[in-house]
Structure formats: structure tokens, C-alpha cells
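For reference, the structure discussed in these notes is given below.
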Amino acid sequence: KKKVKSIYIDPPYNTDATPILYKNEFKHSSWATLIDNRIESSLDLAQSDSIICVTIDDYELDKLKFTLNQRLFSSRHLGTVPIRNNPQGRSTVKGFSVNHEYALFYSCGDDVDSVGRLERSDKQKARYNEVDENGKVFLWENFRKTGTDSERGDRPKQFYPLYYNAKNNHLRIPQMKWQDKKNEWEILEQPLKDEIIFYPLNSLGLEKVWKWGYDRVEKNPNHIKVSKGKGGELQVFRRNYPNTDGKLPGTWWNDSKYAAGEYGTNLLTDIFGKGHSFPFPKSVFAVEDCLVVSGLNKNDIALDYFAGSGTTGHAIVNLNKQDKGKRKYILVEM
């Protein structure tokens, strides 16, 4: 009781398009009840910071989300991730070739701060191709902020000029004073003869903001530089260090390792030979990443009560091999 950190289930998708060993033709209401009853029972086993991940396709997606919102509350919905699990596509009577399924992540209690981070790919790691004075890797990225809260009105204290002398390659912040009434910096110092001014303006001339406030720039002057951008124009760049815990998971998983045919069916065929009775297993890598995102750490317990071919156990054995962890799993079948 209250010892399970991550719950991962891959229930029957409730479509009779393809025969499987589970009963797979429930009415929508009966299927929703099947899921709801089992989720209710499993919550007594979950810690207050546990995460449950449920995979599904489009046929019961709406019913599943409704059921989870009723049982766990919509405020505990952490994210829905489409997973490209069938690159070749599965034909349907309606004419589309289906390439995806979904993983729905919900917190079981109120103590979940964030989801787990995933390891960066080799391609992503290769981007951090600079080494600092302490031997840490980083990359140079544009110092101008983009996306959410990047307008001058969103963060007015991060809109200020930078003075740059190309002859001696020196970048500095002029003396400034904050004016509360105007909600802007009063510039107390004009640029010197050989200095040019940089403001965080985008290509359309719109006023954006820098990624850091002036005090952080003053404390880390060697973390900012001026260099030519892709178009050959001078731009301001900053050092970006990778988070040592990994990258935040995105909401679109399309890596080839998530293909269920190659890393599910073929994997089991390699183990058991042709003719094994495990149709449509998940990619073991998709399950691994779902468990990592669900916060399963080295000494935690995972629960799966639609165990099928045991991919969840396989995934946890793999995770333990990778970091010498002692994760445990409970698999329930029928």
C-alpha cells in the first residue's frame, strides 16, 4: 500500500479490427467501467507523487480521458503524447493509414512537481560542441528570447541595450537606472565612439527581451558574446549548458525506436521464435521512456495490471542494466 511509484498500463483498445487474446469488443460504457474499476483499485497502492501512464488509440481515447478526468480529476492531467508506433501505417475502413497511438500521463496524487526527463539523443548531444574553462560542454545560442513571455511588455526589465566594440571584441552594459513610473530603464551613458548598440529586436523590428536580466549578465560577462549569425549579421549569443538530468519530454514521440513491429514483435520473435502467442506487443523502448517520464527512479516499484507479453518487466530490466538500478515491477495478467 502506497509503495508504487509508477503505474503503466496498455489496456485492450476495444476494437475488433484485429483479433487478440483479450476480450476486445466491449460496449463503450462497459470498457470505461473496466478501466475505471482497475484504476480505482490501483490508487490505494500509489504514492502521493506517483504518475499513471495509459496508452490507447483513437477508438477509446475520448472515453479514456473522460474516465481518467472523473477518477483522477482533469487538473491532474500532465500531458498527452502521440507516439509514432507504426511507421508503415495500419489501414482502416475509413481510408486513413494509422501511424500513431497515445500515452496519457496523469498524477495519482497532489505531490507531483514535474515529469521525469529523457536522455538526449546522440544528435542532440552533438550540438553541445563547446567546452568551457571548467571542462563543461555547452553551445552558443541567440541571446534574444523567443516564444512565451518574450515581448517587451512581458518582461520590461529584460529590455535594455548592450554596447559592443568590434575592435577589441568587448561587450558591456551601459550604466542604467530603473524608472518605476515609465516601467523602463533610463540609459545614463551613451555609447563610445567605436561602440555599436544591440537591442533585442527580431527580424521584423519588434521589441523582444533578452534571456537574462542585466545583473546576471554583469556576473557572467564571459557567457555572452557577439558573433555572426547564419545570415552573416552580427548577433548576441549566450552560453547554453545542458541540464544534467536530461531533456524535458516533448509531446510528439517519433523516434524509430518506438516502432512496435521492429522493437516489439520482432524482438519477441528473436526470443521465442516464430509462432509465439504475443500479438501487438509494445516497443520496449516506448515503455522504457514512458516509465522514465513517469518518474520511476532507481529504487522504485512499477505496477502494470495489463501485463500482456511482459514488456513492462523487460523495460525495467533494461533500465536497471543501464544505471545499475534496483527497480522492481509487479505484473498482473488476468
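Numbering of residues begins at 1 and proceeds along the displayed sequence.
A donor-acceptor pair under 3.5 Å links the side-chain atoms of Q124 to the main chain of S121, judged by distance alone. A distance-only check finds no donor-acceptor pair linking the side chain of S48 to the backbone of D110 [under 3.5 Å]. With E333 contributing its side chain and G308 its backbone, the two residues share a donor-acceptor pair below 3.5 Å. The backbone N or O of G135 lies less than 3.5 Å from a partner atom in the side chain of D132, making a donor-acceptor pair.
Considering only heavy atoms from C-beta on, Y164 comes within 4.5 Å of N169 through its side chain. With contacts defined as side-chain heavy-atom distances shorter than 4.5 Å, the pair V317/Y329 qualifies. The closest side-chain heavy-atom distance from I7 to D304 is not below 4.5 Å. Using a 4.5 Å cut-off on side-chain heavy atoms (C-beta onward), V81 and P249 make no contact. Counting heavy atoms from C-beta on, the side chains of S227 and W140 never come closer than 4.5 Å. When side chains are defined from C-beta on, Y102 does not count as touching I83, because their heavy atoms never get closer than 4.5 Å. Between S294 and F105, some side-chain heavy-atom pair lies under the 4.5 Å cut-off. For the pair S41/R38, no side-chain contact is recorded, criterion being any heavy-atom separation below 4.5 Å from C-beta on.
A salt bridge links R152 to E184: at least one charged side-chain nitrogen sits closer than 4.0 Å to a carboxylate oxygen. In this structure, D194 pairs ionically with K167, as a charged nitrogen and a carboxylate oxygen lie closer than 4.0 Å. A salt bridge is absent between E233 and K228: the closest approach of a Lys/Arg side-chain nitrogen to an acidic carboxylate oxygen does not fall below 4.0 angstrom. One finds a salt bridge joining E189 and R172 here, because a Lys/Arg side-chain nitrogen approaches an Asp/Glu carboxylate oxygen to under 4.0 Å. Between D57 and R90 a salt bridge is recorded (basic side-chain N to carboxylate O distance below 4.0 Å). One finds no salt bridge joining E101 and R84 here, because no Lys/Arg side-chain nitrogen approaches an Asp/Glu carboxylate oxygen to under 4.0 Å. For E130 and R239, the salt-bridge test fails: no basic side-chain N is under 4.0 Å from an acidic carboxylate O. Salt bridge D289/K257: present, at least one basic N to carboxylate O contact under 4.0 Å. Here D270 does not pair with K274 in a salt bridge; the nearest charged N to carboxylate O distance is not below 4.0 Å. Salt bridge D10/K282: present, at least one basic N to carboxylate O contact under 4.0 Å. With respect to D245 and R117, no salt bridge is recorded, no charged nitrogen being found less than 4.0 Å from a carboxylate O.
The CZ atom of F159 sits 5.5 Å away from atom CG of L201, with the distance rounded to the nearest 0.5 Å. Distance check: F73 CZ to H77 NE2 gives 15.5 Å after rounding to the nearest 0.5 Å.
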Discussion item. Using salt bridge (Lys or Arg N to Asp or Glu O under 4.0 Å), reason through E119 and K247 one step at a time and then give a plain yes or no.
Written reply: CA-CA 6 Å; E119 185 178 357; K247 65 171 182 175; over 6 Å; no
Worksheet item: side chain to side chain donor-acceptor pair (under 3.5 Å) between N240 and E141: does it pass, once the steps are laid out?
Response: CA-CA 7 Å; N240 180 347; E141 69 172 8; 3.0 Å; yes
Discussion item. ring-ring contact (aromatic ring centres under 6.0 Å, His included), that's the test. Do Y160 and W185 meet it? Break it down for me.
Written reply: CA-CA 7 Å; Y160 53 85; W185 291 105; 7.2 Å; no
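Below 30°, between 30° and 60°, or above 60°: for Y263 and F285 the angle between ring planes is above 60°, a perpendicular geometry. Ring pair H223/Y241 is tilted by interplanar angle, where 30° to 60° counts as tilted.
Every residue two or more places apart in sequence or in another chain that forms a side-chain contact (heavy atoms from CB on, under 4.5 Å) with P156 is listed here: W178, N183.
Within a 6.0 Å radius of OH in Y214, no more than 12 heavy atoms belonging to other residues, nucleotides or ligands are found.
Residues D36 and Q70 bring no donor and acceptor atom of their side chains to less than 3.5 Å of each other. Checking H100 against N254 by side-chain atom types alone, no donor-acceptor pair falls below 3.5 Å. In this structure, a donor-acceptor pair under 3.5 Å is present between the side chains of E288 and N318.
Ring-centre distance between W210 and F143: below the 6.0 Å cut-off.
Counting all heavy atoms, side chain and backbone alike, A260 lies closest to P281 at CB-O, 3.6 Å. Between N142 and K211, the shortest heavy-atom contact is O-NZ, 3.0 Å.
L303 pairs with exactly one of L45, I9, L331 by the side chain to side chain contact (heavy atoms under 4.5 Å, CB included) rule, that one being L45.
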